[in-house]
Amino acid sequence: MTPRRVAILISGRGTNMVALLDAMAADDFPATCAVVLSNRGDAKGLETAASRGLATGVVDHTAYPDRERFEIELHARLLNADADLVCLAGFMRVLTPYLVSKWAGRMLNIHPSLLPAFPGLHTHRRALDARVRIHGCTVHEVTAGVDAGPIVGQAAIPILPGDDPDTLATRVLEAEHGLYPACLKRFVTGAEDPPPSFTSPVYNPGV
Ligand code: GAR
């Protein structure tokens, strides 16, 4: 199949972006990176992407009078890059129905919790406060709700005695790096589910 052209949207360090790019480097991966865009000019991930020879761009949200005007420009950049799909990878802007509707069924997000638990921010602290025993991360399609939308895949990790938000964030992030490329691949190809296990990605057979 012709590889899908994926735009990756970041706001910060971009480790999930790197995980996606590393997966895309394999000859048989069904997607390539069309562009990396950020709403922040100082996002560290932009340098990483540029050092890999990728097209990058900044659409600074503070330069627009409202969210929709910002998204109109973002959408134009995505079209300009000839993107088929969008992967949000630590993109920390809430999207309006304008952009979400333009990319309905073609936009994925990764979130550091087992959704629908703990949407929003500070997920690791909130998971510890709630004393959940199992935490993790989710890749989902983006819909109008914040951190909502059909789940493509999840990876679960146990919460261990002595965990704090930082230790938890480290282990969840490691799980994110395995989960996102696996979910993107499966989203693009519709491949069969691998057998689920506790520490590896667990897939939603409904997609
Ligand atoms: C990741 O943990 C990602 O799940 C989270 O931001 C981090 C970005 O790290 N995203 C969200 O919280 C979105 N709601 P990265 O820049 O190293 O990929």
Side-chain angles (χ1 to χ4, degrees), residues 6-25 31 33 35-52 54 56-59 61 67 70-71 74 85-96 99-100 103 107-130 132 134-157 159 163-184 187 201-202:
V6 176
I8 304 176
L9 269 50
I10 63 171
S11 297
R13 65 194 166 179
T15 66
N16 276 290
M17 172 201 76
V18 167
L20 292 171
L21 296 178
D22 286 349
M24 288 173 184
C33 180
V35 70
V36 174
L37 296 173
S38 178
N39 63 310
R40 298 182 55 111
D42 62 354
K44 196 168 172 296
L46 284 175
E47 288 169 34
T48 311
S51 74
R52 291 181 176 223
L54 295 167
T56 62
V58 177
V59 184
H61 63 276
R67 285 183 189 272
F70 162 68
E71 291 182 1
L74 199 50
L85 291 173
V86 178
C87 283
L88 307 182
F91 186 68
M92 305 307 275
R93 297 296 299 166
V94 172
L95 298 176
T96 76
L99 197 68
V100 170
W103 293 89
M107 184 184 276
L108 299 179
N109 181 44
I110 187 154
H111 181 75
S113 76
L114 291 175
L115 291 171
F118 312 122
L121 299 174
H122 310 301
T123 55
H124 309 308
R125 163 53 61 204
R126 289 158 61 208
L128 288 167
D129 287 349
V132 298
I134 312 257
H135 189 39
C137 49
T138 302
V139 171
H140 64 95
E141 289 184 47
V142 175
T143 57
V146 175
D147 299 323
I151 289 171
V152 178
Q154 294 184 304
I157 61 153
I159 291 189
D163 262 336
D164 61 31
D166 291 338
T167 59
L168 213 42
T170 300
R171 291 210 314 288
V172 169
L173 191 64
E174 194 180 326
E176 291 182 41
H177 296 162
L179 181 69
Y180 212 172
C183 286
L184 174 60
F187 190 72
V202 178

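Whatever order the structure lists ligands and atoms in, that order sets their numbers, starting from 1.
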> How far is atom 14 (N) of ligand 1 from its nearest protein heavy atom, and which residue and atom is that?
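Checking every protein heavy atom, the shortest distance to atom 14 (N) of ligand 1 gives His111 ND1, 3.2 Å.
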> Mind checking whether Thr15 has an N or O less than 3.5 Å away from an N or O of ligand 1?
yes
> For atom 2 (O) of ligand 1, what is the closest protein heavy atom, and at what distance to 0.1 Å?
Glu176 OE2, 2.9 Å
> For a side chain to side chain contact (heavy atoms under 4.5 Å, CB included) with Met17, tell me which candidate from Ile8, Leu9, Leu46 qualifies.
Ile8
> Between Gly90, Ala43, Gly14, which one has a non-hydrogen atom sitting closest to atom 16 (O) of ligand 1?
Gly14
> Yes or no: does Ile10 have any heavy atom under 4.0 Å from an atom of ligand 1?
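No heavy atom of Ile10 comes that close to ligand 1.
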> Which residue and atom name correspond to the protein heavy atom nearest atom 12 (O) of ligand 1, and how close is it?
Pro112 CD, 3.3 Å
> Taking the side chain from Glu176 and the backbone from Ile110, do they hold a donor-acceptor pair closer than 3.5 Å?
no
> Should Phe91 and Val142 count as side-chain neighbours, where that means a heavy-atom distance under 4.5 Å?
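SC-SC contact between Phe91 and Val142 ruled out.
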> So, does Glu141 use its side chain to make a donor-acceptor pair with the main chain of Val152 at under 3.5 Å?
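No, Glu141 side chain to Val152 backbone: no donor-acceptor pair under 3.5 Å.
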> Starting at CG of Asp166, measure out to CZ of Arg125 and round the result to the nearest 0.5 Å.
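These two atoms lie 9.5 Å from each other.
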> Quick one: nearest non-hydrogen protein atom to atom 9 (O) of ligand 1, plus distance?
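Ranked first by proximity to atom 9 (O) of ligand 1 is Arg13 NH2, 3.2 Å.
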> Please give me the minimum heavy-atom distance between His135 and Val172, naming the atom from each residue.
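It is CD2-CG2, 3.6 Å.
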> Which option out of Leu121, Val146, Asn16 puts a heavy atom nearest to atom 18 (O) of ligand 1?
Asn16
> Measure the distance from atom 10 (N) of ligand 1 to every protein heavy atom, then report the residue, atom name and distance (to 0.1 Å) of the closest one.
Ile110 O, 3.6 Å
> Is it the case that more than 12 heavy atoms not belonging to Arg40 sit under 6.0 Å from its CZ atom?
no
